[in-house]
Amino acid sequence: MPHVMKNRFSIVALVAAASFAFAGCKAPESGSSATVGKPQPVVQPSVGLQERFGDEIVVAGHFYRIGTPVVTWMDPGGYDAYRVERRFEPYEESGWEATTQAMGAGKVKWESKNQQFSPMRYSMRYGSPQAATQRFTPRELEQVRGGGWPLPLLQKTIDQFVLHYDVAGTSRNCFDVLHDGRGLSVQFMLDLDGTIYQTLDVKERAWQATISNNRSIGIEIANIGSYGINSTQAPLEQWYKKDAEGKTYIAIPDRLGGLSSQRTNPSVLRPARNDAVVEEIQGVKQRMYDLTPQQYAALIKLTAALCDVFPKIRPDYPRDASGKLINHALSEKEWEQYQGVMGHYHVQKNKSDPGSAFQWDLVIDGARAELAARRGSPLAKK
Ligand SMILES: [Zn+2]
């Protein structure tokens, strides 16, 4: 989603991130097959600490284990959209007061659409005075205005899961652009190595998809994006290179930390398909490299979990009468009625994410299979 890239990079958060290990991803010790595939607690529970496994998302204060690594805003190395300071500025210049002074002096350009110098990058679902009084009983409003959503009320409220690519390339750069630069937010980010970052409880109304913000959860998937075949291909040429064997790999620029920007320190990252994929979106043929296999695996787990905990989000994508993927924005009426997984381009005519290479069937079929396994049913189709 963001269109701006910045150049700053600090090793501090990466060191912190690397220290947060998800035991399920560690290579098993030789000869100890008993530990294979069994996530171990992040901290050995003692003195009454709640066990954490590093694969939990947070839903109205509840932890839900999704079976793939998640770094929440509360964890070392996480990205916290509740904080008002700028995450990547020099520490002494990062506070809200220092930031507003710098804005007043014209030294900081705040790119929020609202143009309001507000410390808030998120808000309450259906939180405008008119919407809130229509939507909630006085008792419900009294509960949610304090941030404390009852899960059943949240389950009635959320019915869309909106997928974005970030055009920032890495989750770290995405948070820099959204939080420090544009005054925006998103509940989840999905990095190239498959790490999911949760920046806000899903109860919050993140600012990610305009008219869908009240009713949706959003995810920014790390990918440099899709480009009209007649426009510049420079970002694709910069981010995707071929090795001696002709296999495509992702060349994360040094200014963004290269491969060390990824929590799991991978030795190489490749798109799921070797060549760029051309498909039409919003009536324009677009070219894009696919997500990584690690991203698909993680996205399937998260999609299944969200469809499980929010029954109104159907594990499906917008289809036409013949069952084919709709490759443009929905009409107002279609959008109103749609409940399920969708792209940002289904919400807005001026968007193309999650892009021409995105494999909808892979994600939806995978999520349905995962849901069926979780629910112990052979189907769980809809
Ligand atoms: Zn977007």
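Indexing begins at 1, ligand by ligand and atom by atom, following the structure's order.
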request  = For the pair H179 and F175, name the ring-plane relationship: parallel under 30°, tilted 30 to 60°, perpendicular over 60°.
outcome  =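 It falls in the parallel class, under 30°.
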If you look at [X], which of its N/O/S atoms is nearest to the Zn ion (ligand 1)?
X	result
H344	ND1
H164	ND1
D353	OD2

Validation row: R135, N214 side chains within 4.5 angstrom (heavy atoms) = no
query = For K312, does the NZ atom have more than 12 heavy-atom neighbours from other residues, nucleotides or ligands under 6.0 Å away?
reply =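 Yes - once you tally the heavy atoms of other residues, nucleotides and ligands closer than 6.0 Å, there are more than 12.
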inquiry  = Taking H344's backbone N and O only, do any of them form a donor-acceptor pair with D353's side chain (distance below 3.5 Å, no angle check)?
reply    = no
query = Do any of the N, O or S atoms of D166 sit under 2.8 Å from the Zn ion (ligand 1)?
reply = no
